[in-house]
Student: 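One structure is given below, represented as structure tokens, and several questions about it will come after.
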Amino acid sequence: MKTINFKNAKKLLVLALVGTLGLTSCNKFLDVNENPNNPETATPSLLLPTVEAAISQVVGNGFQVYGNIWGQYWTQNPTSSQYRSIDRYQVLNTAMDRSWLILYRSALNNAELIINSNVAANDNYKGIAYLLKAYTFQVATDAFGDIPLSEALKANGNLNPKYEAQAVVYDSVFNYIDKGLALLATPQAVPVSTQDMIFNGDLDKWKAFANTLKLRAYLRISNVDANKAATGIKALYAKNAKFLDQDASITYTTTGGNENPFYNEMVGLGKTQNVVASGTVVQAFVKNSDPRRFSFFNKVSGQDTIAFILQGDFNANSAKLVSSPSPLVGGRAVDPTSATAPVKLFSAAESKFLQAEAAVKGWGTGDAKALFESGIITSFTATGNANDAAKYIAEAPDAKFAGDVEAKVKAIITQKYYAMCGFQGFESWTEWRRTGYPTFFTTSIASTLGAGRMPLRMPYANSEATSNVNYPGNVVIYTPVWWDVK
């Protein structure tokens with residue numbers, strides 16, 4: 001994992017400003033009469049950190065909370081109330097206003113400004129911007145379903161962009177990745193360096209990011225369009241694509257305004273501990289004698305176990321002390337070291353598990369079992385448990401890699417689920433929607449959706465309902481998105 005040195009004052013300012021957006025109330029921050037598709041102008045070197053910080057604000061805070069709760073790593077603390085509506089699956093459209101605006105205005109519009117720069121020497125910046133654009137559109141469509149695409153980023157501003165089907169958005173994601181890779185190959189471009197908070201301008205790592213993103217995207221659609229997924233992945237491997245072998249992340253500091261975005265929000269909420277350990281993941285960790293549970297969660301004082309409550313069972317446990325997420329994942333409100341937890345756009349473990357799944361399905365090369373085990377080892381190493389990895393692989397029930405293709409896919413996704421605990425909540429919940437794994441999820445005890453229903457998408461932002469005449473109308477959150485056919 002790369003730790004970024006934030007001595008650059010401009011980068012500190014960018015993070016502080018985006019963090020401020022994250023903490024401002026929706027009603028004050030969002031003016032529906034202000035066009036979110038009307039970009040300002042700036043040079044690519046100034047815009048790039050703004051794009052990266054905006055993406056990490058959503059992936060590391062807004063979507064992180066929903067993903068970790070709906071992915072059943074976290075649940076509402078019985079002694080507080082901030083996220084009860086999320087645990088109840090009772091989410092208002094207004095709750096999405098902030099994330100929607102940051103994705104479109106701060107991330108996508110600024111990426112588009114970089115792309116539309118008329119200076120040929122900025123081609124490397126443009127290439128990275130295309131990759132971040134692809135990443136952001138995939139996150140947005142995975143969250144909401146159909147979204148504004150081709151009309152959303154017009155330079156002259158368009159208050160009413162049409163919504164386009166997820167299949168179209170995914171085709172665009174692949175197209176943007178290819179355009180990004182082509183621009184990264186420009187030999188005489190102005191070099192990108194410390195303005196890039198993810199890889200410090202290392203273009204080889206950005207190429208690996210592009211290939212890993214493409215692999216993730218093809219596997220995401222593999223259940224709804226297996227032929228396209230297989231063809232795309234085979235073409236990727238035919239070019240001897242390199243994939244990420246390190247996290248693609250931003251690591252933060254303890255400087256005010258530049259903390260991990262979820263911790264930053266907890267500070268703004270008076271350092272109240274609003275999330276605690278869910279019994280869903282903790283019981284699975286215990287079943288597998290998985291030491292990572294002590295890395296992802298804090299022990300309660302006087303106990304040698306991770307104390308949990310069942311998902312959504314906050315009303316019946318008002319007097320119980322429950323373990324909080326650890327500072328490692330930025331989740332302990334009273335521990336300032338939470339400020340330095342990274343936001344991971346990709347983890348190295350995820351990259352290994354993606355490659356393992358491609359190999360199992362016969363679309364990618366490599367030893368599937370070796371890649372599967374490498375994903376586990378990578379996660380154990382990242383959490384400080386490297387010495388326990390071999391024993392876990394040999395003995396844990398969920399680490400068995402045997403049987404038919406589907407059994408092996410189940411093992412891969414279940415291990416990916418464990419590895420993403422606390423760090424990649426949104427991606428983990430998304431993979432559960434795609435595959436149905438892990439199979440041990442339970443309906444929140446506090447659910448308001450009715451028997452057997454689970455959240456399968458996020459509601460559209462209220463700002464779209466009030467300002468975009470092409471708004472498609474509300475879609476209930478238990479409606480599957482396009483690629484969710486399991």
Side-chain angles (χ1 to χ4, degrees), residues 1 64-65 67-69 71-83 87 254 259-260 262-263 265-267 269-342 344 347 349 376 379-389 391-392 395-399 415 417-425 428 438 440 442 444-445:
M1 182 192 314
Q64 180 79 315
V65 174
N68 275 294
I69 292 178
Q72 303 196 15
Y73 299 126
W74 301 347
T75 189
Q76 173 65 53
N77 189 347
T79 63
S80 56
S81 61
Q82 183 72 19
Y83 303 124
D87 231 351
T254 56
E259 304 102 332
N260 171 281
F262 178 56
Y263 175 74
E265 180 154 299
M266 289 192 290
V267 171
L269 294 170
K271 295 188 178 180
T272 301
Q273 188 64 50
N274 276 298
V275 291
V276 292
S278 169
T280 301
V281 72
V282 175
Q283 288 174 315
F285 278 142
V286 170
K287 183 190 79 171
N288 287 274
S289 300
D290 193 330
R292 288 176 293 180
R293 66 189 185 276
F294 298 108
S295 300
F296 292 132
F297 298 99
N298 278 53
K299 298 176 185 177
V300 171
S301 179
Q303 299 182 21
D304 196 36
T305 60
I306 302 301
F308 62 85
I309 62 173
L310 299 181
Q311 191 70 37
D313 200 18
F314 44 82
N315 284 329
N317 290 278
S318 58
K320 182 174 181 178
L321 292 177
V322 191
S323 293
S324 71
S326 72
L328 180 72
V329 299
R332 184 163 173 78
V334 297
D335 191 330
T337 58
S338 292
T340 62
K344 299 186 180 187
S347 63
I376 295 173
S379 173
F380 270 69
T381 302
T383 55
N385 296 284
N387 293 336
D388 299 309
K391 185 175 187 294
Y392 176 88
E395 299 178 3
D398 289 341
Q415 286 302 324
Y417 173 77
Y418 294 142
M420 288 181 170
C421 181
F423 282 117
Q424 292 180 274
S428 180
F440 47 71
T442 63
S444 171
I445 291 170

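As the structure is a prediction and not an experimental result, all values here were calculated from the model.
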Student: Output all residues satisfying side chain to side chain contact (heavy atoms under 4.5 Å, CB included) with Val300, sequence neighbours left out; order by chain, then residue number.
Tutor: Gln303, Ala307, Leu321, Ser323
Student: Grab the two heavy atoms, one from Phe440 and one from Ala284, that are nearest each other, plus how far apart they are.
Tutor: CZ-CB, 3.7 Å
Student: Considering residues at least two apart in sequence or located in another chain, which fulfil the side chain to side chain contact (heavy atoms under 4.5 Å, CB included) criterion with Pro291?
Tutor: Phe380, Asn385, Asp388
Student: What pair of heavy atoms forms the shortest contact from Gly312 to Ser444, and how long is it?
Tutor: CA-OG, 3.4 Å
Student: Set out, in order, the CA-CA distance, both residues' side-chain angles and the distance that settles side-chain contact (heavy atoms from CB on, under 4.5 Å) for Phe294 and Ile306, then state yes or no.
Tutor: CA-CA 7 Å; Phe294 298 108; Ile306 302 301; 3.8 Å; yes
Student: Under 3.5 Å, side chain of Thr383 to main-chain N/O of Arg292, donor-acceptor pair present?
Tutor: no
Student: Is any side-chain heavy atom of Ser379 less than 4.5 Å from a side-chain heavy atom of Tyr418?
Tutor: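 In short, these two side chains do not touch, never coming nearer than 4.5 Å.
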Student: Sub-3.5 Å donor-acceptor pair from the side chain of Thr381 to the main-chain atoms of Ala386, do we have one?
Tutor: no
Student: Any donor and acceptor pair, going by atom type alone, linking the side chain of Ser80 with main-chain N or O of Gln273 inside 3.5 Å?
Tutor: yes
Student: Go through it in stages, so that I can follow the logic: the residues are Glu395 and Ser289, the test is side-chain contact (heavy atoms from CB on, under 4.5 Å), and I'd like the CA-CA distance, side-chain angles, deciding distance and then a yes or no.
Tutor: CA-CA 9 Å; Glu395 299 178 3; Ser289 300; over 6 Å; no
Student: How far apart are the C-alpha atoms of Glu259 and Thr254, what are their side-chain angles, what is the distance that settles it, and do they pass the side-chain contact (heavy atoms from CB on, under 4.5 Å) test?
Tutor: CA-CA 6 Å; Glu259 304 102 332; Thr254 56; 5.6 Å; no
Student: Looking at every non-hydrogen atom in both residues, tell me the closest pair between Val329 and Ala341 and how far apart they are.
Tutor: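 Looking at all heavy atoms of both residues, the shortest contact is C-CB, 3.7 Å.
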Student: Work out which heavy atom in Phe262 is nearest to a heavy atom in Gly330; give both atom names and the distance.
Tutor: CD2-O, 3.4 Å
Student: Restricting to side chain to side chain contact (heavy atoms under 4.5 Å, CB included), what partner residues turn up for Thr442, sequence neighbours left out?
Tutor: Gln72, Thr280, Gln311
Student: Measure the spacing between CG of Asn315 and CG of Asp87 and express it to the nearest 0.5 Å.
Tutor: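 One gets 10.0 Å once the value is rounded to the nearest 0.5 Å.
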Student: Could you verify whether a donor N or O on one side chain and an acceptor N or O on the other, from Ser428 and Tyr73, lie under 3.5 Å apart?
Tutor: yes
Student: Measure across Ala333 and Tyr263 and return the closest heavy-atom pair with its distance rounded to 0.1 Å.
Tutor: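 Here Ala333 and Tyr263 meet closest at O-CE1, 3.4 Å.
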Student: Report the distance from atom CD of Gln64 to atom CD1 of Ile69, rounding to the nearest 0.5 Å.
Tutor: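 Gln64 CD to Ile69 CD1: 10.5 Å, rounded to 0.5 Å.
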Student: Will you find, in the side chains of Gln82 and Thr272, an N or O donor that is under 3.5 Å from an N or O acceptor?
Tutor: no
Student: Quick one: side chain to side chain donor-acceptor pair (under 3.5 Å) partners of Lys287, sequence neighbours excluded?
Tutor: Asp398
Student: With sequence neighbours excluded, what pairs up with Asp313 under the salt bridge (charged side-chain N to carboxylate O under 4.0 Å, His left out) test?
Tutor: none
Student: Parallel, tilted or perpendicular for Phe285 and Phe296, by the 30°/60° rule?
Tutor: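 The arrangement is parallel - the two ring planes meet at less than 30°.
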Student: How many angstroms lie between atom CG of Asn317 and atom CD1 of Ile309, to the nearest 0.5 angstrom?
Tutor: 5.0 Å
Student: Write out all pairs satisfying salt bridge (charged side-chain N to carboxylate O under 4.0 Å, His left out) with one or both partners inside residues 317-335, taking only residues at least two apart or from two chains.
Tutor: none
Student: With a 3.5 Å distance limit and no angle check, can you tell me whether Ser278 reaches the backbone of Thr75 through a side-chain donor-acceptor pair?
Tutor: no
Student: What heavy-atom pair brings Pro327 and Ser338 nearest, and what distance separates the two atoms?
Tutor: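 Smallest interatomic distance, heavy atoms only, reads CA-OG, 3.3 Å.
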Student: Answer whether the closest heavy-atom distance between the side chains of Phe423 and Pro342 falls below 4.5 Å.
Tutor: yes
Student: Could Arg293 and Phe308 be counted as a cation-pi pair, given that NZ or CZ must be under 6.0 Å from the ring centre and within 45° of the axis?
Tutor: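 Verdict for Phe308: no cation-pi partner in Arg293.
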Student: I'd like to know if the side chain of Gln76 reaches the main chain of Val275, judged simply by a donor and an acceptor atom lying under 3.5 Å from each other, with no hydrogens or angles considered.
Tutor: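 Not confirmed, Gln76 side chain does not pair with Val275 backbone.
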